[in-house]
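Data block below; observations after.
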Amino acid sequence: MKLAILTSGGDSAGMNAVVRAVVKAGILKGCETWVVREGYEGLVRGNTEALAEQSLDEAPVDLSDISASTDRNSNNLIHNLRFGDGDLLKDGTGDHPGTRSLKGRYIVRVGFDDVRGWFAEGGTLIGTARSKTFRTQEGRLQAAYNMIKEGIDALVVCGGDGSLTGADVFRSEWPKLVEALHAEGRITAEKASLHAHLKIVGLVGSIDNDMSMTDLTIGAPTALHRICEAIDNINSTASSHSRAFVLEVMGRHCGWLALLAGVSGGADFIFLPERPPTSDSWENEMCECIHRHREVGKRKTIVIVAEGATDRDLKPIKAEYVKDVLTDRLGLDTRVTTLGHTQRGGRPCAYDRVLPTMQGIEAVDALLEATHNDPSYMIGIQENKIIRVPLMEAVAMTRAVSEAIEAKDFEKAMSYRDPEFKE
Ligand code: F6P
């Protein structure tokens, strides 16, 4: 099997560990392994230098920094993608380890040593992008062509629900794309029959822990840890001044980070997208609660707002407004801290190395065992066991949560998150 892996959508800690695990497990199980740089955009661009250069001007994503680093052809390769004595070297494409240019090359054969130590690196070293071209059928046709040209017949995608949907669309369209490429004379009949089917498996990389049918997504534990540390830091200064802090954390449709950070950091009040405050006035509810805490002697106040939190009418609850309420109604000296992308970047915590390693190995097994009649699988974890679930079922359930929130049916949203949930 010739196996490629890409990372797509927002990055998350642990994505490099996924790449490492897939590459190493793939090689150990007899596969040829490839990485695709810049997510789906790299699949579309492939390895044609002319195409890569031409599209840099009209790039739908900003890749200018990439051309700069490739031009230097120095140790500072794209996103520090380092190559050791892997297969790429044997291709004779590099000068010596660590100095090869990847200009115009988005689908890169890699060996065991190329991913050495990647478990400890933050972000995604092979790059990610939100590709507009891959969303068009023309883009997917080019992507299929580029894969077939390299002989790749299996793809691992690590990303969020949008990226995994893209993977499933690509797989279901694949036979038609192959037919079209043959009809256009771009591939031979022999290649068309050799590549009649594409095997795909999805791994969930998302700091929000927002995918259904899995207990934990890759990157969520690190982000939670990051928030927890930030709250620890804020706690000491808040206590010193007897201040209140409103912390905005990530999570568009999912309050997992906010909720668990609140529990682990001793927050006074938490705003979640799936479960807005139940009373008519959340301002009163929050102030009464914090007033009680102050009455029993608390010197500091921490309120956590998930970025997607709203009231029951879907009006966004903004950290600045919460601050004004605390200042005006309770007379608290209040500050706002938005943690932003510090939650997403940086080294993965131990569990964000363990989880991707176990899931990466399972992904390779799933591909090796896949038959054409199987659905595409997503690798998840449930009750501490690595599992395979039909990818589109998980995506559909994830979407159902967001749809229930948009329809103000918060009980339904919560029941998707936790079937045993009761108001
Ligand atoms: O990965 C999901 C997420 O972390 C969301 O919580 C947040 O809204 C989004 O990414 C921000 O992503 P970007 O800055 O890449 O657009």
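Ligands are counted one by one from 1 in listed order, and the atoms in each one are counted from 1 as well. Below, each value reflects all heavy atoms present in this structure, side chains not excepted, and no hydrogens, waters or symmetry copies.
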Protein N/O near ligand 1 N/O, under 3.5 Å, which pairs?
unit_1, atom_1, unit_2, atom_2, d
ligand 1, 6 (O), D208, OD1, 3.0
ligand 1, 6 (O), D208, OD2, 2.9
ligand 1, 6 (O), G251, N, 3.2
ligand 1, 6 (O), E307, OE2, 2.7
ligand 1, 8 (O), R252, NE, 3.3
ligand 1, 8 (O), E307, OE1, 3.1
ligand 1, 8 (O), E307, OE2, 2.6
ligand 1, 10 (O), R344, NH1, 2.9
ligand 1, 12 (O), R344, NH1, 2.9
ligand 1, 14 (O), H341, NE2, 2.7
ligand 1, 15 (O), R130, NH1, 3.1
ligand 1, 15 (O), R130, NH2, 3.4
ligand 1, 15 (O), R344, NH1, 3.3
ligand 1, 15 (O), R344, NH2, 2.9
ligand 1, 16 (O), R130, NH1, 3.3

Could you tell me which residues satisfy ring-ring contact (aromatic ring centres under 6.0 Å, His included) with F269, sequence neighbours excluded, listed by chain and number?
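By the ring-ring contact (aromatic ring centres under 6.0 Å, His included) rule, F269 matches F271.
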Does either side chain, that of [X] or that of [Y], offer a donor lying less than 3.5 Å from an acceptor on the other one?
X    : Y    : value
T133 : S131 : yes
N284 : R329 : yes
T338 : E248 : no

Have a look at T301 and tell me which of R294, R243, H293 forms a side chain to side chain donor-acceptor pair (under 3.5 Å) with it.
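Exactly one candidate clears the test, R294.
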With R275 as the cation and F410 as the aromatic partner, state whether NZ or CZ is under 6.0 Å from the six-membered ring centre and within 45° of the axis.
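Negative - R275 is either too far from the ring of F410 or too far off its axis.
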